[in-house]
J.: 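My questions will all concern the structure given below.
Predicted, not measured: the structure shown is a model, and the values here were computed from it. Both backbone and side-chain heavy atoms feed into the values below; hydrogens, waters and symmetry mates do not.
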Amino acid sequence: MLAGLTVFSWAFLGMRDTWLETGGATMVRTSISVMHLLAGYLFISRSPLKAEASMRDMFLSLPSMIAGGCAFRFAPATQDWSWWAQGLFVAGIAWTAVSLFTLGRSFAILPALREVVTRGPYRWLRHPAYLGELFIGLGCWVAGPNLLTGLAFLALIPTTLWRIAAEERTLRQSDAYWEYVAKVPWRLVPWVW
């Protein structure tokens, strides 16, 4: 409950800060606030754990979150982003939001087993939210192609793969997940991996 309320507050504080800094909202900041509202709701409404990840797998999941945060932090102010960068970022947010909304009560930040979800974008990919996060990171890099955003985006790719591996080790504790893997072979990119 506390995590959900904290994330809700980020949505409001982020929009307030944007208005104070720029006198208006940007597509990027607005999409981030919408994502925070969704994540706050999902934290509050999620179902109980069936299985928890090992401490090792939880730690292996953290670098992708840090790399994504660094990509955004090192990008220029959002009001200075090109339409192309804003489009990539907002498309990534939208895809991630749809994926997380589809997860619903199975939502988690760190690897955890609740219910196996097989509808929505999970019909095609086992980890569609992470694909969206990669597009968010790409949008940050395109917005300010400098060494730091480039390094953060490049770090996001392998760390996302580590996060997927860590999450799958937890999900494999469920027979339903094995059945799902047999139906949906692609983790992140159709016909590739």
Side-chain angles (χ1 to χ4, degrees), residues 3-4 7 11 27-28 30-54 57-58 60-65 67-68 71-72 84 86-142 153 156-193:
V7 176
M27 282 184 9
V28 170
T30 302
S31 66
I32 291 169
S33 288
V34 169
M35 180 62 81
H36 284 146
L37 289 172
L38 173 62
Y41 166 74
L42 293 172
F43 264 118
I44 291 169
S45 66
R46 61 189 176 169
S47 61
L49 281 174
K50 290 185 176 182
E52 192 171 54
S54 68
D57 284 341
M58 287 186 192
L60 283 173
S61 298
L62 295 176
S64 73
M65 294 180 235
F72 185 74
W84 173 242
Q86 288 185 54
L88 278 172
F89 189 93
V90 171
I93 288 273
W95 180 258
T96 303
V98 167
S99 300
L100 296 181
F101 183 78
T102 302
L103 273 179
R105 292 175 45 88
S106 293
F107 170 77
I109 296 292
L110 296 172
L113 174 60
R114 288 184 166 83
E115 296 295 325
V116 176
V117 175
T118 61
R119 61 189 181 284
Y122 293 88
R123 289 177 291 176
W124 307 297
L125 297 173
R126 296 197 313 247
H127 304 279
Y130 298 143
L131 179 62
E133 289 179 12
L134 289 170
F135 275 96
I136 292 167
L138 179 61
C140 293
W141 180 70
V142 169
F153 175 66
L156 184 60
I157 296 167
T159 58
T160 298
L161 302 182
W162 299 343
R163 189 174 182 186
I164 288 170
E167 187 170 300
E168 288 197 343
R169 277 190 289 277
T170 303
L171 295 172
R172 286 186 183 131
Q173 297 176 48
S174 165
D175 291 337
Y177 190 72
W178 286 104
E179 293 169 17
Y180 173 62
V181 168
K183 293 177 187 170
V184 181
W186 313 115
R187 288 179 176 95
L188 197 61
V189 181
W191 300 284
V192 177
W193 186 71

J.: Using modelled atom types and a 3.5 Å cut-off, is there a donor and acceptor pairing between side-chain atoms of Ser106 and backbone atoms of Glu115?
T.: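 Answer holds: yes.
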J.: Does the Trp193 side chain pair with the main chain of Arg187, one donor and one acceptor, at a distance under 3.5 Å?
T.: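 No, Trp193 side chain to Arg187 backbone: no donor-acceptor pair under 3.5 Å.
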J.: On a heavy-atom basis, which atom in Ser31 and which in Phe89 lie closest, and how many Å separate them?
T.: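 Reported closest heavy-atom pair: OG-CE2, 3.8 Å.
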J.: Between Tyr130 and His127, what is the ring plane arrangement, given parallel below 30°, perpendicular above 60°, and tilted in between?
T.: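 Rings of Tyr130 and His127: parallel, as their planes differ by under 30°.
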J.: In plain terms, say whether Glu168 and Arg172 are close enough for a salt bridge, that is, a side-chain N and a carboxylate O under 4.0 Å apart.
T.: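 Salt bridge flag = yes for Arg172 with Glu168.
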J.: Going from CD1 on Ile136 to CG on Leu88, what distance comes out if it is rounded to the nearest 0.5 angstrom?
T.: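 One finds 11.0 Å between CD1 of Ile136 and CG of Leu88.
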J.: Can you find a pair of side-chain heavy atoms, one from Met65 and one from Leu62, that are under 4.5 Å apart?
T.: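 Side-chain contact under 4.5 Å: yes.
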J.: Quick check: closest heavy atoms across Leu42 and Gly104, and the distance to 0.1 Å?
T.: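 Reported closest heavy-atom pair: CD2-O, 3.5 Å.
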J.: Please name the pair of heavy atoms, one in Thr170 and one in Glu52, separated by the smallest distance, quoted to 0.1 Å.
T.: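 Of all heavy-atom pairs spanning Thr170 and Glu52, the closest is CG2-C, 4.1 Å.
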J.: What orientation do Phe107 and Phe43 show, parallel under 30°, tilted 30 to 60°, or perpendicular over 60°?
T.: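 Geometry flag for Phe43 against Phe107: perpendicular rings.
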J.: What's the shortest heavy-atom distance between Arg105 and Arg114, and which atoms?
T.: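 For Arg105 and Arg114, the tightest heavy-atom pair comes out as O-CD, 3.3 Å.
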J.: Test your reading of the model: is there a side-chain donor-acceptor pair from Tyr180 to the backbone of Tyr122, 3.5 Å cut-off?
T.: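 Here the side-chain-to-backbone pair exists.
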J.: Which heavy atom in Ala67 sits nearest to a heavy atom in Thr159, and how many Å separate them?
T.: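 Looking at all heavy atoms of both residues, the closest pair is CB-OG1, 4.1 Å.
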J.: Quick one: are Trp95 and Pro121 in side-chain contact, heavy atoms under 4.5 Å?
T.: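 Sidechains of Pro121 and Trp95: in contact.
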J.: Just how far is it from atom CD1 of Ile44 to atom OH of Tyr41, taken to the nearest 0.5 Å?
T.: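 Between Ile44 CD1 and Tyr41 OH, I get 9.5 Å after rounding to 0.5 Å.
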J.: Hey, what do you get for CE (Met58) to CG (Leu110), rounding to the nearest 0.5 Å?
T.: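 CG of Leu110 is found 6.0 Å from CE of Met58.
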J.: Got a donor-acceptor contact below 3.5 angstrom from the Ser64 side chain to the Ser61 backbone?
T.: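 Yes; at least one donor-acceptor contact below 3.5 Å.
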J.: Looking only at heavy atoms, what is the nearest atom pair of Leu156 and Gly137, with distance?
T.: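 Result for this residue pair: CD2-CA, 4.0 Å.
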J.: Taking Arg126 for its side chain and Val184 for its backbone only, find out whether a donor-acceptor pair lies under 3.5 Å.
T.: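 Checking the backbone N and O of Val184 against the side chain of Arg126, a donor-acceptor pair under 3.5 Å is found.
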J.: Determine whether more than 12 heavy atoms belonging to other residues, nucleotides or ligands lie under 6.0 Å from atom CH2 of Trp186.
T.: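 Above 12, so yes.
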J.: Is any side-chain heavy atom of Lys183 closer than 4.5 Å to a side-chain heavy atom of Thr118?
T.: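 Lys183 does not reach Thr118 side chain to side chain.
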J.: Rounded to the nearest 0.5 Å, how far apart are CH2 of Trp178 and CG of Leu171?
T.: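 Output value for this atom pair is 10.5 Å.
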J.: Within this structure, what is the CG-OH distance for the pair Leu113 and Tyr177, rounded to the nearest 0.5 Å?
T.: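 The OH atom of Tyr177 is 10.5 Å from CG of Leu113, to the nearest 0.5 Å.
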J.: Atom OG of Ser99 and atom CG of Leu125: how far apart are they, to the nearest 0.5 Å?
T.: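 Here the interatomic distance stands at 8.0 Å.
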J.: Please examine the side chains of Leu100 and Leu38, heavy atoms only from C-beta on, and report whether any two atoms are closer than 4.5 Å.
T.: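 A side-chain contact under 4.5 Å exists here.
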